[in-house]
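Comments concern the structure below.
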2 protein chains.
Amino acid sequence: MPTIHDVAKLAGVSRSTVSRVLNNRPGVHPKTRERVLAAVRELNYAPNFAARALKRQRADAVGLIIPASFREPRSDEPRGYVLTEIIRGAYNFFTEQRLALTLLDDQGTFRFYQALFERRQVDGLLFIDLEPDPHMVERLKGLDVPFVVIGNVDAEDVVCVDVDNYESSRRVVYYLYQMGHRRIAFINGPQRRFASRDRRAGVLAAVTELGLSLPDAYDQPGDFSERSGQKAMWRLLEADPRPTAIYAMNDRMAIGAIRAARDAGLRVPEDISVVGFDDIPVAPYIRPPLTTVRQPLYELGAAAARLLVQRIAGQELPSRRVLLPALLVERESVRSLPTEA
Amino acid sequence: MPTIHDVAKLAGVSRSTVSRVLNNRPGVHPKTRERVLAAVRELNYAPNFAARALKRQRADAVGLIIPASFREPRSDEPRGYVLTEIIRGAYNFFTEQRLALTLLDDQGTFRFYQALFERRQVDGLLFIDLEPDPHMVERLKGLDVPFVVIGNVDAEDVVCVDVDNYESSRRVVYYLYQMGHRRIAFINGPQRRFASRDRRAGVLAAVTELGLSLPDAYDQPGDFSERSGQKAMWRLLEADPRPTAIYAMNDRMAIGAIRAARDAGLRVPEDISVVGFDDIPVAPYIRPPLTTVRQPLYELGAAAARLLVQRIAGQELPSRRVLLPALLVERESVRSLPTEA
DNA sequence: TTGTATGCGTTATCAA
DNA sequence: TTGATAACGCATACAA
């Protein structure tokens, strides 16, 4: 492959001139520029990536740190869809900015991320769902590596972008209320997850604002699995009075809940309404099609990418926490109830 | 960040010695090696990626070329799932080999791929589903860039790995036959796709081997969309005699077909059986759960990655076409028929 | 407006 | 067993 030297020779100029033309530096005679460009085309020249990175001290690449679960075999989790949409959003933005996107998995070790950056293999890091380790984030802040987290993080001054779990949840309860429901129950996710806590907080806020209450019997734990949704529903069905609407923190639990209801001889939504969260691909296909909250996955990826690029450019970021609104997708799993006046 | 020079100084040796230690070269005194390693640890040194690439003339990175459709917004297509599984397989293998994986989209221009390689940004290219352009592949072969294609390709001497569409399809027909079906119809995909052609060829082979036939009325075109499956089913239902089993080339068309059957007042599988292809995530969730063929997506990615690494290493490849077996997943959309003796 | 010289951080060749 | 030195290909400060 040709080098800048070959181009210079062919164009009859020095290497510096070629470099100037290639980098759009001013102060090159149009005529000369023309000749150089012609030579570039003729030789099909493209600047060596490594040499440029070495000289410029930047990689023109960012690392996307995907959850360690990515390396594990197929599971129930709609990971594929979620991940793809987020990556797509980030990828499109980075590509526009002429930044390469390198896939890396979450090895959980600080040392690994440090090396990545110190080796200048990447100019910045984008973490997807780095939930559990605020400690690592703290250490990361010690480095000067620009990074952005998708999902919430329990650390100060970390740039992160997330769906507005609190507000979305609050909206769901309001929606249910508008549909005439007053006895609204709730299937939660693991409490160690921010998403669960925030969504639950939104529910509590709405319930309070609306003058309702959330008795313990209506506040069931779950672990995001379909099975746990099913079990939670069993308990919910024994509550007295029975709730008229169930809000599950994710679609898989909602699906489990619907199954449990049906097994108990109840119809959804005629006898009991169910709302999920995520809008996973199967949501429209189950019976009944699931009313749920769609996360702005693509936008999450794109927003995070934009923030990361700004950080790499050294800009001060206006806010360190960006919350994106989610969309309530009405399908058929919620019934409108005549309000009990 | 520290350089090899700093390490050398701290360890009281020359840069060459440090380099030797770092690259596990023989001929270093154990004592010296020890000192160097200690210095490396103390400084938290990691070799500069660009400098190394420049010197070694390789990037230690491969490019994954994803379909251009990736950049487009969410569609019905189960692209997310398929892509994720393939990438996961490839990613895990590359990571083992200490190769970084860079995401790149299919810009369709030969020039782009050429530059990628000539810039030494990647050591090789992995194409996912590069269906339409054998011409580009031919040109790619002209370069000395190692590449492997996932999916079939209409060109000679190209290393590609794919699911064994022909054989899998053949198996489906045998399966249906064993279940007692004799009037088996077929909903095809777009003929320009290899997958469609190969799957159809498998059907024809099986039909012939089993002494059945595939009348024109049983051989319906489709375009992979749910809607087209539905339409094909309408035509199929008018055939006389009506087929007892339908084999659709993908799950979405199968879902469309089931819908059409139900709309026509037929029950699946009691009145008519349906088989799909792909095992998309919704397949187990539809009514009835869909019997279908699961592609070995993860394995496809892993196999392709392995082949690419071999090519990069300059090994001659034993075969230039690798076909992986698919798995028939029996669910509830096929009924066992008493054989008409 | 253009060219010369130097260095980015490694690895590899050759001497010692 | 080790060290000096020369590339790798590019960008830039400075000189012309």
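Quick note on labels: first sequence line is chain A, next is B, and so on, each numbered from 1.
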Sugar-phosphate, base or nothing in reach of V18(A), heavy atoms under 4.0 Å: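 Contact class for V18(A): none.
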
Looking at side-chain heavy atoms only, is the closest gap between [X] and [Y] below 4.5 Å?
X: S19(B); Y: R25(B); value: no
X: P146(B); Y: L308(B); value: yes
X: L99(B); Y: D60(B); value: yes

Check: K55(B) side chain, dT10(C) base, donor-acceptor under 3.5 Å: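 No.
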
DNA chain C contacts among [range], heavy-atom distance under 4.0 Å:
range: residues 33-53 of chain A; result: none
range: residues 115-122 of chain A; result: none
range: residues 20-31 of chain B; result: N23(B), R25(B)

Under 3.5 Å side-chain donor-acceptor pair for R193(A) and N152(A):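 Looking only at side-chain atoms, N152(A) and R193(A) do not form any donor-acceptor pair under 3.5 Å.
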
Residue pairs, two or more places apart or on separate chains, that pass salt bridge (Lys or Arg N to Asp or Glu O under 4.0 Å) and touch residues 33-49 of chain A: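 Matches after skipping sequence neighbours: none remain.
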
Is the phosphate of [N] approached by [X] (side-chain N or O, under 4.0 Å from OP1 or OP2)?
X: S16(A); N: dT4(C); answer: no
X: Q57(B); N: dG9(D); answer: yes
X: T17(A); N: dT2(C); answer: no
X: T3(A); N: dG9(D); answer: no

Just how far, in rounded Å, is [atom2] of [N] from [atom1] of [X]?
X: R15(B); N: dT11(C); atom1: CZ; atom2: P; value: 11 Å
X: H5(A); N: dT4(C); atom1: NE2; atom2: C1'; value: 14 Å
X: I4(A); N: dG9(D); atom1: CD1; atom2: C1'; value: 8 Å
X: L54(A); N: dT6(C); atom1: CG; atom2: C1'; value: 13 Å
X: R56(A); N: dC8(D); atom1: CZ; atom2: P; value: 21 Å

Trace of the side-chain contact (heavy atoms from CB on, under 4.5 Å) decision for L64(B) with I66(B): CA-CA 6 Å; L64(B) 181 70; I66(B) 47 196; 4.2 Å; yes

A304(A): partners by side chain to side chain contact (heavy atoms under 4.5 Å, CB included), with sequence neighbours left out: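 Listed in chain order: L126(A), V148(A), I150(A), V161(A).
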
Stepwise side-chain contact (heavy atoms from CB on, under 4.5 Å) check, V62(A) with I312(A): CA-CA 10 Å; V62(A) 298; I312(A) 291 174; 3.8 Å; yes

Derivation and outcome, side-chain contact (heavy atoms from CB on, under 4.5 Å), residues Q295(A) and E85(A): CA-CA 10 Å; Q295(A) 300 210 37; E85(A) 284 302 297; over 6 Å; no

Ring centers of F147(B), Y113(B) separated by less than 6.0 Å: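 For F147(B) and Y113(B), the ring centres are not under 6.0 Å apart.
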
side-chain contact (heavy atoms from CB on, under 4.5 Å) evaluation trace for N23(A) with R52(A): CA-CA 11 Å; N23(A) 295 288; R52(A) 187 171 259 188; 3.6 Å; yes

Between CG on residue L101(B) and CG on residue L103(A), distance to nearest 0.5 Å: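 So the CG of L101(B) and the CG of L103(A) are separated by 6.0 Å.
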
End-to-end axis angle, where each axis spans five pairs of the helix from dT1(C)-dA16(D) to dA16(C)-dT1(D), to 10°: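 That helix has its two terminal axes inclined by roughly 40°.
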
Distance under 6.0 Å and angle within 45° of ring axis: R119(B) vs F117(B):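 Geometry flag: not set, cation outside 6.0 Å or 45°.
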
Closest heavy-atom pair and its distance - R120(B), Q57(B):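 Looking at all heavy atoms of both residues, the closest pair is CD-O, 3.5 Å.
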
